[in-house]
Amino acid sequence: MGNRRPLTCLWYYKTAFCAYHLVTSHNTMNSTMCQFSGVFFLALLYCVNASVLNNEIDSPVCFKDGFLFGVATAAYQIEGAWNVSGKGVSIWDKLTHEEPEKIFDHSNGDIADGSYYKVKEDVRLIKELGVSLYRFSVSWPRILPNGLSYKINEDGIRYYNEVIDELIRNNITPAITIFHWDLPQYLRDMGGWTNALMADFMVEYSRILFENFGDRVKIWMTFNEPLTFCQLSDYAGADNPEGSGIKSYLCGHNVIRAHGMVYRMFEEEYRPKIGGEMGIVISYAWEEPYSDSEEDKAAAERARNFQFGWFAHPIFSEAGDYPPIMRSVVDKNSKEQGFPSSRLPSFTPGEVKMIKGSADFLGLNHYTTRLVQQVPKNNSNPTSENDINVKQIIDEKWPKTGSSWLSVVPWGFRKTLNWLKLAYNNPKILVTENGMSTGPGLDDKKRIEYIDGYLRSLHDAVYEDGCNVVGYTYWSLMDNFEWKRGYSERFGLYEVDYESPNLTRTPRLSAKYYTSVAKTGCLPDSLADLEL
Ligand code: PNW
């Protein structure tokens, strides 16, 4: 895998050989003479030159200069300091305190990695990795204690100013996710994302971030993974029985509108003064047909449209609006189920226009792949599962990780990127998350193999297939509160010792691997050479 240049060279060489042989077969020139003929010499010279120019002999798999390597985190997962200096209560504070049994190890983010108190230390860790980009999120209730913009918590502004300034001092580009799931509880009490007014609240909150941080932050992402927080109960800021086909569509609708509105406000009021780019982060687990049957192929394409296209199509497609298949299936099912109108809300023509094209790049979270099989239609309950009407299967042969949903399937990454290239006219993509979990421990060769495999697949997608990917961000800088799995699943390049009072961070083997990648832009020829 990876470097195709030597193969191409051989192919040129062979073709030249054959051509020459054909032309000269009528005379008696022997093959040794032939080998040294000018034609061969030129062919070889061309190949060697091309390889050297592309830096492909010494370092076979290299990303070109300017390709960004980064790491990511999110506020609730690392900050701690849940109730200090004026911060308001988020839905995760309330959930973990009042229903700890919903969290695998009954833990919470009260202290987490203590990053609120460790700005300098954390930035040093990022610096040591040699990466140039840090993606982090802002805690809405740390800035606006009850979510509304009439009351700003100055300590929140101070804290993120400190983070941003420290990053810039160390030549690391800050990239902000405006909303990464820690909704102010006050807004949840008003219906969370099922409330149409949330779009206005999000605009006002974002405005405060642009006003205060926009002079130094040039990469913005509105939402992290609406699919996850709109579909799962407890994440959306509204009671939402898993997979409900009513509230989840309402949530998605308000989120997409909010995204468009924030983007347009940024474009009109801020970009002319402060510059910068804005995108949205959407997760995409590749969906491969279970078999070669037409049913399974159609099922996989339907699932892709329902799970990724739901959020991407309105923003990145040429036509805008929801994917046509989603529109027709949910409209039809709703009618059969006795709803007076579709469970999937409609955008007005003005909204379609406002939302279409409302992103400068697509933030992609990609971790894994699933097999998708057509199942018999079941329209008894109005759930999005029944709308999609497929079964998702994890192939037992795929290597496993510390998370049951995440198996190691690097080729799915290349397929994902190619699907996006085709569906949305080769959009500019920043890989905002990719990573895998282990248990605690510093020897994480499995993680190194995971990253290496996914980066090779990414390299093929970029340099063989022409996908427009500008950077790769590993999830995560360090172990952190992994939502409902608590601290039981570790995604960090750095291990965090939760037993130590200092919450000591120690680099894993994978940190050494990733440092080498980020500093050279190249993948090591062999993992054995890394001297781990
Ligand atoms: C992401 N999937 O969630 C989140 O953005 C992070 O906050 C989280 O810590 C990280 O992944 C690891 O879980 C995902 O099913 C949840 O493909 C589910 C999927 C992908 C990402």
Side-chain angles (χ1 to χ4, degrees), residues 70-79 90-92 96 103-104 107 109 112-113 115 135-139 175-183 221-236 242-243 248 255 279-288 303-304 306-308 310-311 363-372 384-385 388 390 392-394 398 400-410 412-413 415-416 430-438 447 450-451 454 473-493 496:
V71 284
T73 61
Y76 185 73
Q77 296 180 272
I78 64 163
E79 284 177 8
S90 82
I91 59 173
W92 282 91
T96 55
I103 311 299
F104 178 74
S107 64
D113 295 351
S115 290
R135 171 180 177 240
F136 62 101
S137 79
V138 171
S139 157
I176 286 188
T177 316
I178 299 175
F179 180 72
H180 197 129
W181 306 357
D182 45 354
L183 188 71
M221 291 146 283
T222 49
F223 289 98
N224 181 66
E225 292 194 7
L227 176 74
T228 313
F229 75 79
C230 282
Q231 263 189 336
L232 299 184
S233 225
D234 302 313
Y235 286 69
E242 306 265 329
S248 55
V255 163
I280 180 170
V281 175
I282 313 179
S283 62
Y284 200 166
W286 177 246
E287 310 192 91
E288 179 75 3
R304 292 168 200 147
F306 262 86
Q307 305 207 305
F308 188 83
W310 177 7
F311 298 99
L364 173 68
N365 287 359
H366 175 84
Y367 286 86
T368 192
T369 287
R370 284 164 205 148
L371 298 175
V372 176
S384 55
E385 280 80 4
I388 306 175
V390 300
Q392 305 231 11
I393 301 155
I394 293 177
W398 293 337
K400 295 179 179 33
T401 66
S403 305
S404 59
W405 58 273
L406 205 175
S407 36
V408 187
V409 196
F413 198 12
K415 287 203 174 193
T416 302
L430 174 65
V431 177
T432 36
E433 286 181 32
N434 172 252
M436 67 159 261
S437 59
T438 57
R447 176 173 286 108
Y450 175 98
I451 305 176
Y454 276 76
T473 318
Y474 179 78
W475 180 276
S476 178
L477 166 65
M478 58 194 162
D479 294 341
N480 53 53
F481 178 78
E482 178 52 25
W483 307 111
K484 287 199 171 172
R485 303 298 299 170
Y487 298 97
S488 68
E489 295 177 13
R490 312 289 190 98
F491 281 82
L493 295 172
V496 176

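The chain is numbered in sequence order, starting from 1. Counting convention: from 1, in listed order, for ligands and their atoms alike.
Among residues two or more places apart in sequence or in another chain, the side-chain contact (heavy atoms from CB on, under 4.5 Å) test is passed with A303 by E287, V372, I388, V390. In this structure T401 satisfies the side chain to side chain donor-acceptor pair (under 3.5 Å) test with no other residue, sequence neighbours excluded. In this view, R490 and D479 satisfy the side chain to side chain donor-acceptor pair (under 3.5 Å) rule, not counting sequence neighbours.
Outside the 6.0 Å centre-distance limit, the rings of W483 and F104 are not counted as a close aromatic pair.
Between E288 and K415 there is a salt bridge, since at least one side-chain N of the basic residue sits less than 4.0 Å from a carboxylate O of the acidic one.
T73 and R135 are not linked by any side-chain donor-acceptor pair at a separation below 3.5 angstrom, with hydrogens and angles left out of the test.
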Does ligand 1 have any N/O pairs with the protein under 3.5 Å, and how far apart?
{"from": "ligand 1", "atom 1": "3 (O)", "to": "E225", "atom 2": "OE1", "distance (Å)": "3.2"}
{"from": "ligand 1", "atom 1": "3 (O)", "to": "E225", "atom 2": "OE2", "distance (Å)": "3.4"}
{"from": "ligand 1", "atom 1": "5 (O)", "to": "H180", "atom 2": "NE2", "distance (Å)": "3.4"}
{"from": "ligand 1", "atom 1": "5 (O)", "to": "N224", "atom 2": "ND2", "distance (Å)": "2.8"}
{"from": "ligand 1", "atom 1": "5 (O)", "to": "E433", "atom 2": "OE1", "distance (Å)": "3.0"}
{"from": "ligand 1", "atom 1": "5 (O)", "to": "E433", "atom 2": "OE2", "distance (Å)": "2.9"}
{"from": "ligand 1", "atom 1": "7 (O)", "to": "Q77", "atom 2": "OE1", "distance (Å)": "2.9"}
{"from": "ligand 1", "atom 1": "7 (O)", "to": "H180", "atom 2": "NE2", "distance (Å)": "2.9"}
{"from": "ligand 1", "atom 1": "7 (O)", "to": "W483", "atom 2": "NE1", "distance (Å)": "2.9"}
{"from": "ligand 1", "atom 1": "9 (O)", "to": "Q77", "atom 2": "NE2", "distance (Å)": "2.9"}
{"from": "ligand 1", "atom 1": "9 (O)", "to": "W475", "atom 2": "NE1", "distance (Å)": "3.3"}
{"from": "ligand 1", "atom 1": "9 (O)", "to": "E482", "atom 2": "OE1", "distance (Å)": "2.7"}
{"from": "ligand 1", "atom 1": "11 (O)", "to": "Y367", "atom 2": "OH", "distance (Å)": "3.1"}
{"from": "ligand 1", "atom 1": "11 (O)", "to": "E433", "atom 2": "OE1", "distance (Å)": "3.2"}
{"from": "ligand 1", "atom 1": "13 (O)", "to": "E482", "atom 2": "OE2", "distance (Å)": "2.5"}
{"from": "ligand 1", "atom 1": "15 (O)", "to": "R370", "atom 2": "NH2", "distance (Å)": "2.8"}
{"from": "ligand 1", "atom 1": "17 (O)", "to": "R370", "atom 2": "NH2", "distance (Å)": "3.4"}

